[in-house]
Amino acid sequence: HVGEFAQRLAGSSDLYQDDGRHPFASINFITAHDGFTLRDLVSYNEKHNEANQEGNRDGTDDNRSWNCGEEGPTDDPEIIALRCRQQRNFLATLLLSQGTPMLLGGDEFARSQKGNNNSYCQDNEISWVDWPGMDERGRALVEFAKQLLALRRDQPVLRRSRFLMGEWNEALEIKDVTWLAADGHEMQAEHWDDARLLCFGMLLDGRAQTSGIVRRSADASVLIVFNAWHDAVEFLLPPAAAYGSWARVIDTATPEPAPPPMFDGGASYLITGRSMLVFVAGAPDEGKR
């Protein structure tokens, strides 16, 4: 459900705010030491624990995974491309969400346990973290993970110490977060209740106050766009009047060029099916006081 997903992206204030905790209390993760690795999460529908010699009865059957069309290793270039993109999607969602990210070691270079989701008894190639054996796709994923970590480090709005409220600040005339439908308009109640809605944007305004003092910040703004639909969707970028031009720094569907391409506010961007976008825009001069 998109509403639940948005709550987790924003740091889970529904779970932690009432008792005085902060967004960093939310420990976010996709995979852990128990269960599938990230690569296996997008490569297997079922567990494959035969090597554990328990008749494949051990380990959970609730893996919530998708093999993208074929179980296990494949030579199909379309399935391989989708699996790589899905891994980038998962990493980007994890590292760009509010809260504290927990990354399973080896996921950053697409380590596989050959579908084994209960490898505690394996001291061999199934469970080893084999950095020297990293393949070309693994090296590409490492570079992508480094890019995400640098983005999280460089953009304060991605690691706020205050929960996002999504409410209009009369004094600053801005919202700290705005949820956008694909047509560029702010999401309304009917959007949140629409189970078919699979593409939306999360706009983090760098001008929002960062402490209890009502004061404009001078941080850059970040727009994150998600498209879980299997096909491409046109997404309208927020108007240039407030944010200037948008630099596309992440598109999980394509290799990243340097420098990043620029887009005017109000421009339409065709976002590939099952992919994510991240845009950054500098704060306007009026916010740099």
Side-chain angles (χ1 to χ4, degrees), residues 1-9 30 36 38-45 63-97 110 137 140-141 144 147-148 151 178-204 222-239 246-257 260-280:
H1 189 275
V2 67
E4 178 82 6
F5 183 49
Q7 280 277 21
R8 305 307 152 228
L9 292 171
I30 304 296
F36 281 156
L38 181 60
R39 180 170 177 172
D40 290 354
L41 192 70
V42 301
S43 302
Y44 295 91
N45 284 349
N63 293 292
R64 306 188 185 189
S65 58
W66 178 44
N67 63 19
C68 297
E70 186 174 333
E71 188 76 354
T74 181
D75 294 324
D76 188 315
E78 291 187 3
I79 292 178
I80 291 172
L82 178 56
R83 287 177 177 178
C84 290
R85 187 160 78 248
Q86 289 287 71
Q87 288 177 82
R88 293 192 292 269
N89 289 335
F90 278 124
L91 286 179
T93 302
L94 171 65
L95 294 174
L96 303 182
S97 295
R137 291 197 292 272
L141 193 60
F144 182 72
Q147 183 182 9
L148 290 171
L151 183 62
T178 304
W179 303 95
L180 300 172
D183 62 5
H185 292 98
E186 185 171 358
M187 290 173 61
Q188 304 299 320
E190 60 267 24
H191 293 107
W192 294 112
D193 295 335
D194 186 356
R196 299 168 300 173
L197 190 145
L198 296 173
C199 181
F200 71 98
M202 178 185 189
L203 174 58
L204 300 165
V222 174
L223 171 65
I224 307 174
V225 184
F226 303 86
N227 182 19
W229 184 243
H230 69 271
D231 207 350
V233 174
E234 282 196 12
F235 190 94
L236 264 61
L237 301 179
W246 291 99
R248 192 203 73 196
V249 296
I250 297 286
D251 183 344
T252 60
T254 64
E256 290 306 312
M262 305 297 295
F263 297 86
D264 292 332
S268 176
Y269 191 106
L270 189 64
I271 175 172
T272 304
R274 297 192 176 104
S275 68
M276 281 178 62
L277 300 170
V278 183
F279 298 88
V280 175

Pair Trp229, Arg274 - check side-chain contact (heavy atoms from CB on, under 4.5 Å), show working.
CA-CA 6 Å; Trp229 184 243; Arg274 297 192 176 104; over 6 Å; no

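- Among all heavy-atom pairs drawn from Ala110 and Arg39, the shortest one is O-CD, 2.8 Å.
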| field | Verdict with supporting geometry, Phe144 and Gln87, side-chain contact (heavy atoms from CB on, under 4.5 Å) | value | CA-CA 10 Å; Phe144 182 72; Gln87 288 177 82; over 6 Å; no

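- At least one donor-acceptor pair closer than 3.5 Å links the side chain of Gln147 to the backbone N or O of Val249.
- In terms of heavy-atom proximity, Thr74 sits nearest to Glu70 at OG1-OE1, 3.0 Å.
- The main-chain N or O of Leu141 is never found under 3.5 Å from a side-chain atom of Arg88 such that the two would form a donor-acceptor pair.
- Nearest heavy atoms, Ile271 versus Cys199: CG2-SG, 4.3 Å.
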List the steps, then state whether side-chain contact (heavy atoms from CB on, under 4.5 Å) holds for Val222 with Leu96. CA-CA 10 Å; Val222 174; Leu96 303 182; over 6 Å; no

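- A 4.5 Å side-chain heavy-atom check between Glu234 and Tyr269 finds every atom pair outside the cut-off.
- Using a 4.5 Å cut-off on side-chain heavy atoms (C-beta onward), Asn89 and Phe226 make no contact.
- Going from atom CG of Leu223 over to atom CH2 of Trp246 covers 5.0 Å, rounded to the nearest 0.5 Å.
- Scanning all heavy atoms of the two residues, the minimum distance from Cys84 to Arg137 falls at SG-CD, 3.3 Å.
- In this structure a side-chain-to-backbone donor-acceptor pair under 3.5 Å is present from Gln188 to Glu186.
- In this structure, the side chain of Asn227 does not engage the main chain of Ala232 through any donor-acceptor pair within 3.5 Å.
- In terms of heavy-atom proximity, Leu180 sits nearest to Met187 at C-CG, 3.6 Å.
- Of all heavy-atom pairs spanning Arg8 and Ser97, the tightest one is O-CB, 4.4 Å.
- Between the Thr252 side chain and the Met276 main chain, a donor and an acceptor come within less than 3.5 Å of each other.
- Contact check for Val42 versus Phe90: side-chain heavy atoms found under the 4.5 Å cut-off.
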